[in-house]
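For clarity, every value in this text was computed on a predicted model and none was experimentally measured. All values below come from the heavy atoms of this structure, side chains included, with hydrogens, waters and symmetry mates left out.
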Amino acid sequence: MPTVVHRPSRTGGRRVTVHSRGRDRILGTAYSDHDLVVFLETAGIAALKRDPGAVGLDSLLTEITKLNDVRKLGLPDGLFADCSEKLVAAWRARAIKMYPSDFRDTSEDVRITLLAALCSSRQAEITDALVDLLVALVHKINARAERRVEKQLTAELKKVRGKEGILFRLATAAVDKPDEVVRQALFPVVGEKTLRELVAEAKANEKVFKAKVRTTLRSSYSSYYRQMLPPLLNTLGFRCNNTAYRPVMDAMKLLKKYADVDGKTRFYDAGDDVPMDGVVRKDWREAVVDD
């Protein structure tokens with residue numbers, strides 16, 4: 001979450017704000033360098049401690065930024081290999097409750113140990129939270145697409161009652177007047193409007209519904225959610241030793257290759273091997289494959 005130190009005001013103070021979840025939050029006004037340091041420390045540690053927000057693109061991008069910030073510290077792997085998990089958990093629990101001023105009041109060795117334990121633990125926790133957030137976001141995108149399609153179909157569709165009676169009248173009219181055109185023989189019996197409503201209802205079956213959902217999902221991803229792909233692929237590592245999932249790993253590799261390409265690019269290069277079997281289900285192919 002970006003922290004901004006604004007220009008000095010007429011009174012000499014400098015407003016400090018942090019941008020989070022689409023809006024700026026005021027941390028306070030710094031009247032000295034010491035005040036400024038305190039605000040910046042508070043913003044950094046508070047952001048590190050904070051749990052993910054509501055499921056959404058902004059929360060996902062915030063967690064990616066947070067994870068990358070922790071990684072920049074360069075904490076070595078196995079930093080606490082010689083310490084018990086219980087001890088590291090105790091250090092983390094102590095650090096999570098402390099304010100920046102509390103850290104400054106401790107000795108350097110204690111301060112560094114507590115902050116290292118906090119950052120090391122949070123790095124693993126943020127990674128897990130990021131994965132959970134990604135899964136939840138995918139489910140949310142799908143649920144939103146389904147609701148949108150349901151609303152669209154409901155608006156377009158007026159359920160026709162008494163289908164059996166309508167079918168009987170249509171059959172009778174067709175048998176009694178086999179040589180007449182539809183408009184003259186059938187419309188007087190049922191009515192063109194009713195017949196059109198029947199056709200609309202027949203089209204609104206599960207297959208059509210799922211196809212519309214896939215189209216809506218593709219549109220949402222292309223126009224909005226695709227922006228999460230580059231930072232996500234650059235932050236999380238995907239590995240698998242199971243050969244059965246090799247096509248999926250090949251697909252991830254291809255996605256990473258195109259992660260930073262302009263979103264207006266619609267097609268892969270002709271020389272790219274685009275894995276389909278074991279990656280894209282058959283019912284999805286019509287929605288994602290363009291000729």
Side-chain angles (χ1 to χ4, degrees), residues 1-2 19-23 52-68 126-156 203-240 245-291:
M1 292 175 288
H19 187 77
S20 174
R21 300 177 188 174
R23 62 181 182 178
V55 176
L57 180 60
D58 288 341
S59 296
L60 184 75
L61 296 177
T62 296
E63 291 305 298
I64 290 175
T65 300
K66 190 190 302 183
L67 180 57
N68 286 326
I126 294 170
T127 301
D128 292 342
L130 182 56
V131 174
D132 291 340
L133 194 59
L134 173 61
V135 173
L137 180 58
V138 171
H139 286 304
K140 180 179 179 180
I141 296 171
N142 186 73
R144 180 175 293 178
E146 289 183 350
R147 289 196 299 270
R148 187 178 301 174
V149 172
E150 285 176 353
K151 184 177 180 180
Q152 177 185 351
L153 290 178
T154 300
E156 295 175 353
K203 289 182 177 179
N205 55 25
E206 185 177 2
K207 183 177 180 180
V208 173
F209 173 78
K210 289 183 177 180
K212 284 181 173 290
V213 168
R214 289 191 288 270
T215 302
T216 303
L217 276 172
R218 172 176 170 169
S219 177
S220 297
Y221 172 78
S222 301
S223 62
Y224 182 63
Y225 289 102
R226 188 187 185 279
Q227 61 183 293
M228 72 179 176
L229 190 62
L232 186 66
L233 292 178
N234 290 329
T235 300
L236 293 179
F238 297 87
R239 299 179 182 86
C240 181
Y245 297 103
R246 175 48 51 189
V248 176
M249 300 309 299
D250 291 340
M252 296 296 298
K253 184 178 180 180
L254 183 62
L255 284 175
K256 190 167 186 178
K257 175 183 176 181
Y258 282 84
D260 296 317
V261 175
D262 189 334
K264 295 180 180 178
T265 301
R266 293 184 57 197
F267 301 102
Y268 293 113
D269 290 338
D272 287 325
D273 182 16
V274 182
M276 298 292 291
D277 294 335
V279 178
V280 181
R281 296 187 320 194
K282 291 183 178 180
D283 56 350
W284 260 97
R285 295 190 181 185
E286 184 177 350
V288 300
V289 177
D290 290 332
D291 297 326

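Pairing each heavy atom of C240 with each of M249, the nearest pair is CB-SD, 3.9 Å. Shortest non-hydrogen contact noted between P231 and L61 is CG-CD2, 4.0 Å. In plain terms, the two heavy atoms of D272 and K257 that are nearest each other are OD1-NZ, 2.7 Å. Taking all atoms of both residues into account, the shortest heavy-atom contact from M228 to L134 is CE-CD1, 4.3 Å. Closest of all the heavy-atom pairs between Y258 and D269 is OH-N, 2.9 Å. Shown here for V248 and V279, the closest heavy-atom pair between the two residues is N-CG2, 3.8 Å.
With respect to E63 and K66, a salt bridge is recorded, a charged nitrogen being found less than 4.0 Å from a carboxylate O. D277 has a carboxylate O that lies under 4.0 Å from a charged side-chain N of R285, or vice versa, which qualifies the two as a salt bridge.
The shortest distance between side-chain heavy atoms of R144 and R148 falls below 4.5 Å. Residues Q227 and L57 have side chains in contact (heavy-atom distance under 4.5 Å, counting atoms from C-beta outward). The shortest side-chain heavy-atom distance between L217 and W284 falls under the 4.5 Å cut-off. The side-chain heavy atoms of N234 and K256, taken from C-beta on, include a pair separated by under 4.5 Å.
Residue K253 places its NZ atom among 12 or fewer non-hydrogen atoms of other residues, nucleotides or ligands, all under 6.0 Å distant. By the neighbour-count criterion of 12 heavy atoms within 6.0 Å, atom OH of Y225 is densely surrounded, having more than that number from other residues, nucleotides or ligands.
Here the straight-line distance linking atom CD1 of I64 with atom CD1 of I126 works out to 12.0 Å at 0.5 Å rounding. Taking CG of L254 as the reference point, atom CG of D273 lies at 8.5 Å (rounded to 0.5 Å). Of the inter-residue distances, the one linking L137 atom CG with N142 atom CG reads 11.5 Å to the nearest 0.5 angstrom. With values rounded to the nearest 0.5 angstrom, L255 atom CG is found 11.0 Å from D250 atom CG.
In this structure, the side chain of R218 engages the main chain of A287 through a donor-acceptor pair within 3.5 Å. Put simply, the side chain of R214 gets close to the backbone of D283: a donor and an acceptor are under 3.5 Å apart. Side chain of T62 to main chain of D58: a donor-acceptor pair is present (N/O by atom type, distance under 3.5 Å, no hydrogens or angles). Looking only at distances, no side-chain donor or acceptor of S59 sits under 3.5 Å from a matching main-chain atom of V55.
Residues passing the salt bridge (charged side-chain N to carboxylate O under 4.0 Å, His left out) test with D128: none are found, sequence neighbours excluded.
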